[in-house]
Amino acid sequence: MAAAREWIAAHPDATQPYDRKDYRMPGGTPSSPGLAVQLPAMPALLRKQLKGAPYPAPRNILAAAVEGAQVDLDTAFVIEGRYFTELATGQVAKNMIKALFFDLQTARSRTAGGDHEPVRIVAVAGAGMMGAAIAYVCARAGMRVVLKDVTAEGAARGKAYSAGLLDKAVARGRSTPEKRDEILGRIHATGDLADLAGVDLAIEAVFEDPALKHKVYAEIEQVAPDALIASNTSTLPITLLAEGVSRPEEFVGLHFFSPVDKMPLVEVIRGERTDEATLGRALGVVRQLRKTPIVVNDSRGFFTSRVIGTFTNEGVAMLAEGIPAATIEQASSQAGYPAPVLALMDELTLTLPRKIRQETAAATVAAGGTWQPHAADAVIDRMIDECGRTGRSGGAGFYDYRDGKRAGLWPGLREQFGGTNLDTPFEDLKERMLFIEAIESVRCLEEGVLTSVADANVGSILGIGYPSWTGGVLQYVNQYDGGLPGFVARARVLAERYGERFDPPPLLTAMAERGERFE
């Protein structure tokens, strides 16, 4: 303080540069010719980046910068403060803070079954796309990995996936050759089952075939009888798969999301006989991988696959109604989804949802139920069987592809499915996608598949791309205009217009009548 006073006394005329009359702002002001030419394009570029999604912060930031640059600093602070206050007190900020701070902390802090020793050696059975990616994140986290495939050559191709990622990181300056070699050195690619001896954890990542998975589990138990066995299945019930192990109480689902190296979520699925100690070990594995876990109970499709399926089906059903494909893609983008719905379907491949649908239908009938076809089914079947378009991996889907890159919507969609239905309100298209996922999530909560609101919100945003501005699937219901009663009323309107799948579940209507929220 003494030095400060001494300096001020010695510089009585000291001012900040921006308070001097000759000050010129670096880069110029909106009235400067160079910047004035660029300014008109900025709102358009911003709109292009947001794709019409309801994120108010970027617009307020641009407005504060442009308006504040035309006035004195004190007035600029007032302008900035008002734009910030509007955001901080707005519903979108409240939604995102709830999901991406409070709910996220709840999910990350979950424990079960006490403390467990960290995993030292993990076996990954199946060196395909998912198995190779799981091996990479395990090695990156410091685990030794035995990557097992039917042949040594197949396992080596799986290890090459890690080498490719690490080489890119080195080329971009994000890693070093020494770090790359250290991580690769932790991965042992093999076709020999005996190499799995002594592993702490075995993650199965083979094709979605229960018989094949049961065969793999039996082989693992032969050489690693004490290992925790987990399946990366995305849809098959864990209780069904547990029939192939001798210790079903020590069997669990670890559902990773693609691309595994980037997606921060792991869905931990508890089978009917999975015990608390096993759940605790699984949660420890997810934390060791520096990912966020959500815990769900067993069900075909669990939570994430089941809910995202309603989203993709809704988008495809709109094609069957004659709604132009470009309009469907715009609606999903303006609703805030990171990928347009038909583009996402191409990425997943059209054959995968058909396979899941056929298996689910067979299981429903076998259990004595009645299978109800969805309007999307006929579209997918026609695309595959008549048009020969199976998605991006097949080189043709709802989009055309050139050199593996998306080259626009397939013009044949209009001929195949029409495209003249311009009467459906655009707001309905957006809300159909948002509502159908929220309603299915409420059903998951009602059935006990979901056990917490935090898991629903975090899992929907981090795992399946539900728009983050909503705060997640259940927070979207909370914050809808009029709260739960308002959501229920709107759901009934959508049900009347588009089908009973939009009927609000009993849990939702009961909570709305009691004036409750999803907390």
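Computed from a predicted model, the values in this text were never measured in an experiment.
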Enquirer: Dump the intermediate steps for side-chain contact (heavy atoms from CB on, under 4.5 Å) on V341 and F398, then the final yes or no.
Expert: CA-CA 10 Å; V341 62; F398 292 111; over 6 Å; no
Enquirer: Could you walk me through whether D298 and R270 pass the salt bridge (Lys or Arg N to Asp or Glu O under 4.0 Å) test, one step at a time?
Expert: CA-CA 6 Å; D298 201 15; R270 176 167 41 195; over 6 Å; no
Enquirer: Show your reasoning for whether side-chain hydrogen bond (donor to acceptor under 3.5 Å, both in side chains) applies to Q334 and Q330.
Expert: CA-CA 6 Å; Q334 291 191 30; Q330 274 296 312; 3.1 Å; yes
Enquirer: Do T470 and Q475 have side-chain N/O donor and acceptor atoms under 3.5 Å apart?
Expert: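 The answer is no; no qualifying pair exists.
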Enquirer: Does R406 make a cation-pi contact with Y401, if we ask for NZ or CZ under 6.0 Å from the ring centre and within 45° of the axis?
Expert: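 Judged by the rule (NZ or CZ under 6.0 Å from the ring centre, within 45° of its axis), R406 is not positioned above Y401.
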Enquirer: Between H188 (side chain only) and V145 (backbone N and O only), is there a donor and an acceptor less than 3.5 Å apart?
Expert: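 Answer holds: no.
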Enquirer: Would you say the side-chain atoms of K51 pair up with the backbone N or O of G336, donor to acceptor, closer than 3.5 Å?
Expert: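 It does not hold such a pair.
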Enquirer: So, E267 side chain and H255 main chain: donor-acceptor pair closer than 3.5 Å or not?
Expert: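 No; zero donor-acceptor contacts below 3.5 Å.
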Enquirer: What is the ring orientation for Y217 with H214, classed by angle as parallel under 30°, tilted 30 to 60°, or perpendicular over 60°?
Expert: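 Tilted, since the angle between the ring planes falls between 30° and 60°.
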Enquirer: Looking only at atom types and distance, does a side-chain atom of D149 sit under 3.5 Å from a main-chain N or O of A127, one as donor and one as acceptor?
Expert: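 Yes, D149 side chain to A127 backbone: donor-acceptor pair under 3.5 Å.
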Enquirer: So, do Q288 and L201 sit near enough that their side-chain heavy atoms are less than 4.5 Å apart?
Expert: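 Q288 does not reach L201 side chain to side chain.
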Enquirer: So, the side chain of T106 versus the backbone of F102: is there a donor-acceptor pair under 3.5 Å, distance only?
Expert: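 Present.
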Enquirer: Which pairs count as side-chain hydrogen bond (donor to acceptor under 3.5 Å, both in side chains) when at least one residue sits in residues 118-135, sequence neighbours excluded?
Expert: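 Checked against side-chain hydrogen bond (donor to acceptor under 3.5 Å, both in side chains) - neighbours excluded - the pairs reaching residues 118-135 are R120-D200.
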Enquirer: Is the ring pair Y480/F487 parallel, tilted or perpendicular, if the boundaries are 30 and 60 degrees?
Expert: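 Aromatic pair Y480/F487 classed perpendicular.
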Enquirer: Give the minimum heavy-atom separation between L474 and A456, together with the two atoms involved.
Expert: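 In terms of heavy atoms, the two residues are closest at CD1-CB, 3.6 Å.
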Enquirer: Ignoring hydrogens and angles, tell me if any N or O in the side chain of T190 forms a donor-acceptor pair with the backbone of D192 under 3.5 Å.
Expert: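 Yes; at least one donor-acceptor contact below 3.5 Å.
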Enquirer: Could you walk me through whether E437 and R306 pass salt bridge (Lys or Arg N to Asp or Glu O under 4.0 Å), step by step?
Expert: CA-CA 9 Å; E437 289 197 276; R306 175 173 162 179; over 6 Å; no
Enquirer: Please tell me whether F311 and Y466 form a close aromatic pair, meaning their ring centres lie under 6.0 Å apart.
Expert: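 When the ring centroids of F311 and Y466 are compared, they turn out to be at least 6.0 Å apart.
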Enquirer: Sub-3.5 Å donor-acceptor pair from the side chain of R389 to the main-chain atoms of G397, do we have one?
Expert: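 Between the backbone of G397 and the side chain of R389 there is a qualifying donor-acceptor contact (under 3.5 Å).
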Enquirer: Applying salt bridge (Lys or Arg N to Asp or Glu O under 4.0 Å), run through R517 and E519 and close with a yes or a no.
Expert: CA-CA 6 Å; R517 291 166 48 90; E519 302 291 356; 2.9 Å; yes
Enquirer: Are R186 and E182 close enough, and set up right, to give a salt bridge (Lys or Arg N to Asp or Glu O under 4.0 Å), and what steps lead you there?
Expert: CA-CA 7 Å; R186 296 193 193 111; E182 178 187 345; 2.6 Å; yes
